[in-house]
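Down below is the structure, laid out as C-alpha coordinates.
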Amino acid sequence: MTKQIRPEEAVKMIKNGSTVMIGGFLGAAVPLLMIDQLAESDIKEITLITIGAGYRGGGVDIGKLILNRQIKKIICSHVGTDPNLISQIVNNEIEMDLSPMGTFVERVRAGGAGLGAVVTPVGLGTEVEKMAEKITIDGNDFLLHKPIRAEIAIVKAYRADSLGNLQYSGIYSSNPVMATAADLVIAEVDELVEIGDILPEQVGTPGIYVDYIVPGHSSKKRQEIYEALWIATNKL
Amino acid sequence: MPKNYIAQRIGKEFKNGMYANLGIGIPTLSADYIPEGVEVFLQSENGALLFGPKPQRGMSNPDLSNAGTEPITMLPGGSLFDINASFAMIRGGHIDMTVLGALEVDQHGNLASWKIPGKCLSGMGGAMDLLYGCKKVIAALTHTDKYGHSKIKKQCALPLTGAHVVDMIITDKAVFSVTGEGIILDELAPGVTVTEIIDLTEADIINIDDWKNNEK
(Lines give C-alpha, C1' and ligand atoms only; values in the text may rest on other atoms or scores of the structure.)
Protein backbone atom coordinates (compact mmCIF):
# COMPACT_ATOMS: atom_id res chain seq x y z
CA MET A 1 0.00 0.00 0.00
CA THR A 2 1.42 3.34 -0.97
CA LYS A 3 0.95 6.31 1.29
CA GLN A 4 1.98 8.82 -1.36
CA ILE A 5 -0.71 11.14 -2.67
CA ARG A 6 -0.79 14.46 -4.51
CA PRO A 7 -1.38 17.67 -2.51
CA GLU A 8 -4.63 18.32 -4.41
CA GLU A 9 -5.95 14.95 -3.21
CA ALA A 10 -4.72 15.47 0.35
CA VAL A 11 -6.50 18.80 0.77
CA LYS A 12 -9.84 17.16 -0.09
CA MET A 13 -9.71 15.32 3.22
CA ILE A 14 -10.19 18.63 4.99
CA LYS A 15 -13.79 19.86 5.22
CA ASN A 16 -15.58 22.98 6.40
CA GLY A 17 -15.37 22.96 10.19
CA SER A 18 -12.48 20.46 10.37
CA THR A 19 -10.05 20.58 13.27
CA VAL A 20 -6.61 20.85 11.68
CA MET A 21 -3.23 20.72 13.37
CA ILE A 22 -0.32 22.29 11.48
CA GLY A 23 3.28 21.63 12.53
CA GLY A 24 6.19 24.08 12.58
CA PHE A 25 7.18 27.07 14.68
CA LEU A 26 6.27 30.70 13.83
CA GLY A 27 6.75 30.14 10.11
CA ALA A 28 9.73 27.78 10.38
CA ALA A 29 9.64 24.09 9.40
CA VAL A 30 6.06 24.41 8.18
CA PRO A 31 4.33 22.44 5.39
CA LEU A 32 4.31 25.30 2.86
CA LEU A 33 2.73 23.45 -0.04
CA MET A 34 -0.19 22.02 1.91
CA ILE A 35 -0.85 25.41 3.50
CA ASP A 36 -1.01 26.92 0.00
CA GLN A 37 -3.45 24.18 -1.05
CA LEU A 38 -5.61 25.01 1.93
CA ALA A 39 -5.39 28.76 1.25
CA GLU A 40 -6.45 28.21 -2.37
CA SER A 41 -9.42 26.06 -1.33
CA ASP A 42 -12.77 27.38 -0.16
CA ILE A 43 -12.59 25.43 3.10
CA LYS A 44 -13.80 27.59 5.98
CA GLU A 45 -14.61 27.50 9.71
CA ILE A 46 -11.39 25.64 10.47
CA THR A 47 -10.29 25.09 14.04
CA LEU A 48 -6.53 25.57 13.71
CA ILE A 49 -4.17 23.97 16.22
CA THR A 50 -0.70 25.50 15.95
CA ILE A 51 2.05 26.34 18.38
CA GLY A 52 1.89 30.00 17.37
CA ALA A 53 0.95 32.31 14.53
CA GLY A 54 2.86 32.35 11.26
CA TYR A 55 5.97 34.20 10.12
CA ARG A 56 6.35 37.67 11.66
CA GLY A 57 4.20 40.29 9.94
CA GLY A 58 1.50 37.85 8.83
CA GLY A 59 0.31 36.80 5.37
CA VAL A 60 3.05 34.17 4.95
CA ASP A 61 2.40 30.42 5.61
CA ILE A 62 -0.57 30.01 7.99
CA GLY A 63 -0.97 33.80 7.90
CA LYS A 64 -2.63 33.24 4.50
CA LEU A 65 -5.44 31.29 6.15
CA ILE A 66 -5.96 34.21 8.55
CA LEU A 67 -6.06 36.76 5.71
CA ASN A 68 -8.62 34.58 3.88
CA ARG A 69 -10.72 34.38 7.07
CA GLN A 70 -10.75 30.58 6.91
CA ILE A 71 -10.18 30.17 10.65
CA LYS A 72 -12.97 30.04 13.23
CA LYS A 73 -10.93 29.09 16.28
CA ILE A 74 -7.24 28.90 17.11
CA ILE A 75 -5.69 26.69 19.79
CA CYS A 76 -2.13 27.91 20.38
CA SER A 77 0.39 29.51 22.75
CA HIS A 78 1.41 32.68 20.90
CA VAL A 79 -0.20 35.04 18.38
CA GLY A 80 2.14 38.04 18.59
CA THR A 81 3.75 37.60 15.17
CA ASP A 82 0.58 38.11 13.12
CA PRO A 83 -1.24 41.48 13.41
CA ASN A 84 -4.13 40.22 11.23
CA LEU A 85 -4.72 37.34 13.62
CA ILE A 86 -4.57 39.63 16.66
CA SER A 87 -7.16 41.98 15.15
CA GLN A 88 -9.52 39.09 14.30
CA ILE A 89 -9.20 37.78 17.87
CA VAL A 90 -9.74 41.22 19.40
CA ASN A 91 -12.84 41.70 17.17
CA ASN A 92 -14.18 38.30 18.31
CA GLU A 93 -14.01 36.92 14.77
CA ILE A 94 -11.66 34.15 15.89
CA GLU A 95 -12.05 32.32 19.18
CA MET A 96 -8.80 31.55 20.99
CA ASP A 97 -7.72 28.76 23.38
CA LEU A 98 -4.34 29.80 24.77
CA SER A 99 -1.85 27.94 26.98
CA PRO A 100 1.86 28.37 27.78
CA MET A 101 4.00 26.79 25.08
CA GLY A 102 5.41 23.98 27.20
CA THR A 103 1.90 23.18 28.38
CA PHE A 104 0.48 23.36 24.85
CA VAL A 105 2.97 20.83 23.49
CA GLU A 106 2.30 18.48 26.41
CA ARG A 107 -1.46 18.82 25.79
CA VAL A 108 -0.82 17.64 22.22
CA ARG A 109 1.41 14.85 23.50
CA ALA A 110 -1.30 13.77 25.95
CA GLY A 111 -3.78 13.77 23.05
CA GLY A 112 -1.55 11.43 21.07
CA ALA A 113 -0.31 9.30 23.94
CA GLY A 114 -3.61 8.31 25.49
CA LEU A 115 -3.19 10.40 28.62
CA GLY A 116 -6.06 12.09 30.43
CA ALA A 117 -4.51 15.45 31.27
CA VAL A 118 -1.41 17.56 31.69
CA VAL A 119 -0.59 18.61 35.24
CA THR A 120 1.96 21.41 35.51
CA PRO A 121 3.02 24.20 37.87
CA VAL A 122 3.64 26.62 34.98
CA GLY A 123 1.14 29.49 34.98
CA LEU A 124 0.39 29.47 38.73
CA GLY A 125 -0.13 33.03 39.94
CA THR A 126 -1.14 34.20 36.44
CA GLU A 127 -4.31 34.39 34.32
CA VAL A 128 -3.58 30.83 33.16
CA GLU A 129 -5.26 29.75 36.39
CA LYS A 130 -8.55 30.75 34.70
CA MET A 131 -7.77 28.55 31.68
CA ALA A 132 -7.24 25.38 33.70
CA GLU A 133 -8.34 23.57 36.83
CA LYS A 134 -6.23 24.11 39.96
CA ILE A 135 -5.47 20.90 41.83
CA THR A 136 -3.29 19.98 44.80
CA ILE A 137 -0.96 16.97 44.88
CA ASP A 138 0.99 16.21 48.06
CA GLY A 139 0.35 19.75 49.24
CA ASN A 140 1.62 21.42 46.07
CA ASP A 141 -0.57 23.37 43.63
CA PHE A 142 -0.69 22.48 39.94
CA LEU A 143 -2.80 23.40 36.93
CA LEU A 144 -4.63 20.63 35.09
CA HIS A 145 -5.08 21.11 31.36
CA LYS A 146 -7.01 18.88 28.98
CA PRO A 147 -5.42 17.00 26.06
CA ILE A 148 -5.59 18.32 22.49
CA ARG A 149 -6.31 16.22 19.41
CA ALA A 150 -7.17 17.02 15.80
CA GLU A 151 -9.06 15.33 13.00
CA ILE A 152 -6.19 16.04 10.62
CA ALA A 153 -2.53 16.87 11.29
CA ILE A 154 -0.30 18.27 8.57
CA VAL A 155 3.37 18.00 9.46
CA LYS A 156 6.62 18.85 7.68
CA ALA A 157 9.65 16.57 7.51
CA TYR A 158 12.78 16.35 5.38
CA ARG A 159 12.43 12.86 3.90
CA ALA A 160 9.96 9.99 3.96
CA ASP A 161 9.96 6.40 2.79
CA SER A 162 6.86 4.60 1.52
CA LEU A 163 6.15 3.18 4.99
CA GLY A 164 5.72 6.73 6.24
CA ASN A 165 8.90 6.86 8.29
CA LEU A 166 9.95 10.51 8.58
CA GLN A 167 13.40 12.02 8.94
CA TYR A 168 13.78 15.62 10.06
CA SER A 169 16.47 18.12 9.16
CA GLY A 170 16.94 21.34 11.09
CA ILE A 171 14.47 22.00 13.87
CA TYR A 172 11.83 19.33 14.42
CA SER A 173 9.77 21.81 16.46
CA SER A 174 6.15 20.71 16.88
CA ASN A 175 6.08 18.31 13.92
CA PRO A 176 6.88 15.02 15.71
CA VAL A 177 4.36 15.50 18.52
CA MET A 178 1.62 16.65 16.16
CA ALA A 179 2.13 13.53 14.04
CA THR A 180 0.92 11.51 17.04
CA ALA A 181 -2.24 13.43 17.86
CA ALA A 182 -4.66 13.33 14.93
CA ASP A 183 -7.07 10.83 13.37
CA LEU A 184 -5.41 11.38 10.01
CA VAL A 185 -1.78 12.46 9.54
CA ILE A 186 -0.44 13.97 6.33
CA ALA A 187 3.31 14.53 6.07
CA GLU A 188 4.74 16.98 3.54
CA VAL A 189 8.36 16.15 2.71
CA ASP A 190 11.18 17.52 0.56
CA GLU A 191 12.11 14.09 -0.74
CA LEU A 192 10.72 10.57 -1.07
CA VAL A 193 13.26 7.79 -0.66
CA GLU A 194 13.39 3.98 -0.79
CA ILE A 195 12.68 1.86 2.26
CA GLY A 196 15.99 1.45 4.06
CA ASP A 197 17.42 4.78 2.95
CA ILE A 198 16.34 6.30 6.25
CA LEU A 199 18.27 4.31 8.85
CA PRO A 200 16.32 3.24 11.94
CA GLU A 201 18.27 5.65 14.13
CA GLN A 202 17.46 8.50 11.73
CA VAL A 203 13.71 8.00 11.94
CA GLY A 204 12.21 10.98 13.77
CA THR A 205 8.59 9.89 13.36
CA PRO A 206 7.92 6.16 12.86
CA GLY A 207 5.63 5.33 9.95
CA ILE A 208 2.94 3.94 12.27
CA TYR A 209 1.78 7.52 12.85
CA VAL A 210 1.71 8.65 9.23
CA ASP A 211 -1.24 8.01 6.90
CA TYR A 212 -0.28 9.98 3.80
CA ILE A 213 2.88 11.45 2.29
CA VAL A 214 2.72 14.51 0.08
CA PRO A 215 5.76 15.53 -1.96
CA GLY A 216 6.43 19.18 -1.07
CA HIS A 217 8.97 21.67 -2.37
CA SER A 218 12.50 20.31 -2.80
CA SER A 219 15.06 21.36 -0.17
CA LYS A 220 16.64 23.65 -2.76
CA LYS A 221 13.31 25.33 -3.52
CA ARG A 222 12.61 25.77 0.21
CA GLN A 223 16.04 27.35 0.62
CA GLU A 224 15.18 29.85 -2.14
CA ILE A 225 11.81 30.65 -0.54
CA TYR A 226 13.17 31.09 2.99
CA GLU A 227 16.31 33.00 2.00
CA ALA A 228 14.16 35.44 -0.01
CA LEU A 229 11.91 35.87 3.02
CA TRP A 230 14.84 36.29 5.44
CA ILE A 231 16.57 38.79 3.16
CA ALA A 232 13.34 40.78 2.71
CA THR A 233 12.89 40.93 6.49
CA ASN A 234 16.57 41.72 7.33
CA LYS A 235 17.26 38.36 8.94
CA LEU A 236 19.94 37.13 6.57
CA MET B 1 21.80 53.32 22.33
CA PRO B 2 20.07 52.07 25.54
CA LYS B 3 19.37 48.70 23.94
CA ASN B 4 23.01 48.07 23.08
CA TYR B 5 24.08 49.14 26.56
CA ILE B 6 21.62 46.69 28.12
CA ALA B 7 22.78 43.88 25.82
CA GLN B 8 26.41 44.64 26.63
CA ARG B 9 25.70 44.61 30.39
CA ILE B 10 23.86 41.27 30.11
CA GLY B 11 27.04 39.94 28.49
CA LYS B 12 28.84 40.11 31.85
CA GLU B 13 26.39 37.59 33.32
CA PHE B 14 27.48 34.75 31.04
CA LYS B 15 29.68 32.25 32.83
CA ASN B 16 31.80 29.51 31.34
CA GLY B 17 29.88 26.30 30.65
CA MET B 18 26.48 27.86 31.21
CA TYR B 19 23.33 26.68 29.41
CA ALA B 20 21.26 29.76 28.55
CA ASN B 21 18.07 30.66 26.72
CA LEU B 22 17.76 34.19 25.37
CA GLY B 23 14.44 35.83 24.56
CA ILE B 24 13.74 37.71 21.34
CA GLY B 25 15.07 41.29 21.04
CA ILE B 26 17.65 42.76 23.46
CA PRO B 27 18.37 39.36 25.11
CA THR B 28 19.26 37.78 21.73
CA LEU B 29 21.51 40.77 21.02
CA SER B 30 23.46 40.03 24.23
CA ALA B 31 24.96 36.90 22.62
CA ASP B 32 27.25 39.32 20.72
CA TYR B 33 28.71 40.37 24.10
CA ILE B 34 29.60 36.96 25.52
CA PRO B 35 33.11 37.61 26.90
CA GLU B 36 36.09 36.10 25.14
CA GLY B 37 37.07 32.74 26.58
CA VAL B 38 33.59 32.13 27.99
CA GLU B 39 31.78 29.21 26.39
CA VAL B 40 27.99 29.37 26.61
CA PHE B 41 25.59 26.70 25.35
CA LEU B 42 22.65 28.59 23.85
CA GLN B 43 19.30 26.83 23.81
CA SER B 44 16.44 27.72 21.49
CA GLU B 45 13.00 26.61 22.65
CA ASN B 46 11.99 25.36 19.20
CA GLY B 47 14.50 22.55 19.77
CA ALA B 48 18.21 23.38 19.39
CA LEU B 49 21.17 23.40 21.75
CA LEU B 50 24.57 24.92 21.00
CA PHE B 51 23.63 26.94 17.97
CA GLY B 52 25.87 29.51 16.36
CA PRO B 53 25.79 32.55 14.10
CA LYS B 54 23.75 33.13 10.97
CA PRO B 55 24.77 31.18 7.86
CA GLN B 56 26.11 32.76 4.68
CA ARG B 57 23.49 33.44 2.01
CA GLY B 58 23.05 30.36 -0.13
CA MET B 59 24.30 28.11 2.70
CA SER B 60 21.27 28.06 5.01
CA ASN B 61 19.18 25.08 5.98
CA PRO B 62 15.68 26.50 5.35
CA ASP B 63 14.30 24.50 8.28
CA LEU B 64 16.95 25.60 10.78
CA SER B 65 16.13 28.79 12.64
CA ASN B 66 15.88 30.17 16.16
CA ALA B 67 12.74 31.03 18.12
CA GLY B 68 12.61 34.36 16.28
CA THR B 69 12.59 32.46 12.93
CA GLU B 70 16.05 33.82 12.10
CA PRO B 71 18.39 31.44 10.28
CA ILE B 72 21.08 29.89 12.49
CA THR B 73 23.90 27.37 12.17
CA MET B 74 24.71 24.53 14.53
CA LEU B 75 28.12 24.42 16.23
CA PRO B 76 30.13 21.19 16.59
CA GLY B 77 28.61 19.29 19.52
CA GLY B 78 25.22 20.89 19.05
CA SER B 79 21.98 18.94 19.10
CA LEU B 80 18.45 19.10 17.70
CA PHE B 81 15.39 17.66 19.41
CA ASP B 82 11.61 17.86 19.40
CA ILE B 83 9.76 20.61 21.19
CA ASN B 84 8.54 18.43 24.04
CA ALA B 85 12.14 17.56 24.88
CA SER B 86 12.99 21.24 24.64
CA PHE B 87 10.34 22.28 27.16
CA ALA B 88 11.18 19.36 29.45
CA MET B 89 14.70 20.83 29.49
CA ILE B 90 13.31 24.27 30.34
CA ARG B 91 10.58 23.33 32.83
CA GLY B 92 12.66 20.58 34.40
CA GLY B 93 15.31 22.99 35.68
CA HIS B 94 18.14 22.06 33.30
CA ILE B 95 18.76 25.57 31.92
CA ASP B 96 21.06 27.75 34.05
CA MET B 97 19.91 31.17 32.94
CA THR B 98 17.28 32.93 30.86
CA VAL B 99 17.17 36.57 29.84
CA LEU B 100 13.75 37.89 28.87
CA GLY B 101 12.30 41.24 27.88
CA ALA B 102 9.35 42.65 29.82
CA LEU B 103 6.74 45.39 29.70
CA GLU B 104 7.19 45.90 33.44
CA VAL B 105 8.66 44.20 36.51
CA ASP B 106 8.13 44.85 40.20
CA GLN B 107 9.90 44.70 43.55
CA HIS B 108 8.37 41.28 44.29
CA GLY B 109 10.08 39.71 41.28
CA ASN B 110 6.91 39.63 39.19
CA LEU B 111 7.21 40.08 35.44
CA ALA B 112 4.57 41.10 32.87
CA SER B 113 5.12 40.71 29.13
CA TRP B 114 2.30 39.00 27.29
CA LYS B 115 -0.79 41.18 27.31
CA ILE B 116 -2.00 44.76 27.70
CA PRO B 117 -5.74 44.34 28.30
CA GLY B 118 -7.79 46.02 25.56
CA LYS B 119 -4.69 47.11 23.67
CA CYS B 120 -2.27 44.39 22.81
CA LEU B 121 -2.11 40.65 22.95
CA SER B 122 0.81 38.44 22.04
CA GLY B 123 0.26 35.32 24.11
CA MET B 124 2.81 34.02 26.54
CA GLY B 125 4.59 31.62 24.17
CA GLY B 126 7.43 29.94 26.04
CA ALA B 127 8.03 32.78 28.51
CA MET B 128 6.03 31.29 31.39
CA ASP B 129 7.92 27.98 31.15
CA LEU B 130 11.28 29.79 31.02
CA LEU B 131 10.44 31.95 34.03
CA TYR B 132 9.32 28.92 36.00
CA GLY B 133 12.10 26.51 35.11
CA CYS B 134 15.36 28.40 34.59
CA LYS B 135 17.69 28.63 37.58
CA LYS B 136 18.47 32.32 37.11
CA VAL B 137 16.04 34.80 35.52
CA ILE B 138 17.22 38.16 34.25
CA ALA B 139 14.65 40.74 33.16
CA ALA B 140 16.10 43.07 30.52
CA LEU B 141 14.20 46.25 29.72
CA THR B 142 14.50 49.99 29.34
CA HIS B 143 14.10 51.72 32.70
CA THR B 144 11.18 53.90 31.56
CA ASP B 145 8.48 53.78 28.89
CA LYS B 146 8.21 56.32 26.07
CA TYR B 147 6.38 58.73 28.39
CA GLY B 148 9.19 58.55 30.94
CA HIS B 149 7.21 56.40 33.41
CA SER B 150 9.07 53.82 35.46
CA LYS B 151 8.82 50.20 34.31
CA ILE B 152 10.27 49.10 37.65
CA LYS B 153 7.07 49.08 39.72
CA LYS B 154 6.02 48.54 43.29
CA GLN B 155 3.41 46.14 41.91
CA CYS B 156 2.84 45.09 38.28
CA ALA B 157 -0.48 46.33 36.94
CA LEU B 158 -0.44 44.21 33.77
CA PRO B 159 -1.29 40.47 33.68
CA LEU B 160 1.73 38.54 34.95
CA THR B 161 3.87 36.18 32.92
CA GLY B 162 5.45 34.91 36.13
CA ALA B 163 4.97 35.54 39.85
CA HIS B 164 8.06 35.89 42.11
CA VAL B 165 10.44 34.69 39.41
CA VAL B 166 12.90 37.47 38.58
CA ASP B 167 16.40 37.34 40.14
CA MET B 168 18.03 40.29 38.44
CA ILE B 169 16.88 43.39 36.55
CA ILE B 170 19.13 45.01 33.96
CA THR B 171 18.04 48.35 32.48
CA ASP B 172 19.77 51.15 30.60
CA LYS B 173 20.14 53.01 33.92
CA ALA B 174 20.92 50.41 36.58
CA VAL B 175 21.25 46.80 37.71
CA PHE B 176 19.12 45.45 40.56
CA SER B 177 19.00 42.16 42.48
CA VAL B 178 15.59 40.93 43.54
CA THR B 179 15.41 39.47 47.06
CA GLY B 180 12.52 38.21 49.16
CA GLU B 181 12.45 41.60 50.89
CA GLY B 182 12.58 43.79 47.76
CA ILE B 183 15.08 45.08 45.23
CA ILE B 184 18.68 46.08 45.83
CA LEU B 185 20.51 48.57 43.64
CA ASP B 186 23.78 46.92 42.61
CA GLU B 187 25.11 49.23 39.90
CA LEU B 188 24.45 52.50 38.14
CA ALA B 189 25.00 52.77 34.40
CA PRO B 190 27.83 55.17 33.46
CA GLY B 191 26.76 58.79 33.97
CA VAL B 192 23.59 57.96 35.93
CA THR B 193 23.17 59.57 39.37
CA VAL B 194 21.46 58.22 42.49
CA THR B 195 18.96 61.09 42.33
CA GLU B 196 18.06 60.14 38.77
CA ILE B 197 17.47 56.51 39.77
CA ILE B 198 15.23 57.60 42.66
CA ASP B 199 13.22 59.81 40.27
CA LEU B 200 12.89 57.13 37.59
CA THR B 201 12.16 54.11 39.80
CA GLU B 202 8.71 53.53 41.25
CA ALA B 203 9.77 50.46 43.25
CA ASP B 204 11.24 50.86 46.72
CA ILE B 205 14.98 50.28 46.68
CA ILE B 206 16.06 48.66 49.96
CA ASN B 207 19.62 49.97 50.01
CA ILE B 208 19.01 53.42 48.53
CA ASP B 209 20.22 55.19 51.72
CA ASP B 210 23.65 53.55 51.39
CA TRP B 211 23.92 54.91 47.86
CA LYS B 212 22.81 58.40 48.98
CA ASN B 213 25.44 58.39 51.76
CA ASN B 214 28.14 57.24 49.37
CA GLU B 215 27.35 60.01 46.94
CA LYS B 216 27.70 62.73 49.61
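Reckoned from all heavy atoms, side chains included, excluding hydrogens, waters and symmetry mates. Each chain gets a letter, A, B and so on, in the order the sequences are listed, and its residues count up from 1.
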- Between A/G24, A/G52, A/P176, A/P121, the one whose heavy-atom pairs under 4.5 Å with chain B are most numerous: A/P121

- Query: Non-hydrogen atoms of chain B under 4.5 Å away: do they reach the side chain of A/I89, the backbone, both or neither?
  - Reply: side chain

- Item | 4.5 Å side-chain heavy-atom contact, B/E45 and A/F25 | yes

- Query: Non-hydrogen atoms of chain B under 4.5 Å away: do they reach the side chain of A/V90, the backbone, both or neither?
  - Reply: neither

- Can you find a pair of side-chain heavy atoms, one from A/E227 and one from B/R57, that are under 4.5 Å apart? yes

- Item | Interchain contact, B/R91 with chain A, by part (heavy-atom threshold 4.5 Å) | side chain

- Please confirm whether the backbone N or O of B/P71 pairs with a side-chain atom of A/K235, one donor and one acceptor, at under 3.5 Å? no

- Taking A/I86, A/I225, A/T81, A/V177 one by one, which has the highest count of heavy-atom pairs under 4.5 Å against chain B? A/V177

- Item | Check: B/E70 side chain, A/L236 main-chain N or O, donor-acceptor pair, under 3.5 Å | no

- Task: Determine whether B/K115 and A/E127 make a side-chain contact, defined as any pair of heavy atoms from C-beta on separated by less than 4.5 Å.
- Result: yes

- Item | Heavy-atom neighbours of A/E201 CD exceed 12 at 6.0 Å | yes

- Note on the structure: Taking every heavy atom of B/S65 against every heavy atom of A/A28, the minimum-distance pair comes out as OG-CB, 3.2 Å

- Selection from A/T126, A/D82, A/V108 maximising heavy-atom pairs under 4.5 Å formed with chain B: A/T126

- Around A/I208, counting heavy atoms of other residues, nucleotides and ligands shown, do more than 12 lie under 6.0 Å from its CD1? no

- Heavy-atom count around B/K136 NZ within 6.0 Å, excluding the residue itself: above 12? yes

- Determine yes or no for a side-chain-to-main-chain donor-acceptor pair under 3.5 angstrom, with B/D63 supplying the side chain and A/Y158 the backbone. no

- Query: Above 12 or not: heavy atoms from other molecules or residues under 6.0 Å from NZ of B/K154?
  - Reply: yes

- Pick from B/P62, B/G123, B/G126: which one has the most heavy-atom pairs with chain A under 4.5 Å? B/P62

- Message: Testing the 3.5 Å rule here: is there a donor-acceptor pair between the side chains of A/S169 and B/N61?
- Response: yes

- Query: Quick one: what part of B/T161 sits under 4.5 Å from any heavy atom of chain A, side chain, backbone, both or neither?
  - Reply: backbone

- Validation row: A/L98, B/W114 side chains within 4.5 angstrom (heavy atoms): yes

- Query: Does the side chain of A/Y55 reach to within under 4.5 Å of the side chain of B/T69, using non-hydrogen atoms?
  - Reply: yes

- Heavy-atom distance under 4.5 Å to chain A: side chain of B/L121, backbone, both or neither? both

- Query: When heavy-atom pairs shorter than 4.5 Å are enumerated against chain A, which of B/P159, B/S60, B/A88 gives the highest number?
  - Reply: B/S60

- chain A heavy atoms under 4.5 Å from B/M89: which part of the residue, side chain, backbone, both or neither? neither

- So what's closer than 4.5 Å to chain B heavy atoms on A/T233: side chain, backbone, both or neither? neither

- Note on the structure: One option among A/W230, A/Y172, A/Y226 has the most heavy-atom pairs under 4.5 Å with chain B, and it is A/W230

- Please state whether the side chain, the backbone, both or neither of A/V128 comes within less than 4.5 Å of a heavy atom of chain B. side chain

- Message: I need the minimum non-hydrogen distance between A/I171 and B/N46, along with the two atoms involved.
- Response: CD1-ND2, 3.3 Å

- Query: What residue in A/L229, A/L124, A/I231, A/I51 has the most heavy-atom pairs under 4.5 Å with chain B?
  - Reply: A/I231

- Name the member of B/G162, B/S44, B/G58 that forms the most heavy-atom pairs with chain A at distances under 4.5 Å. B/G58

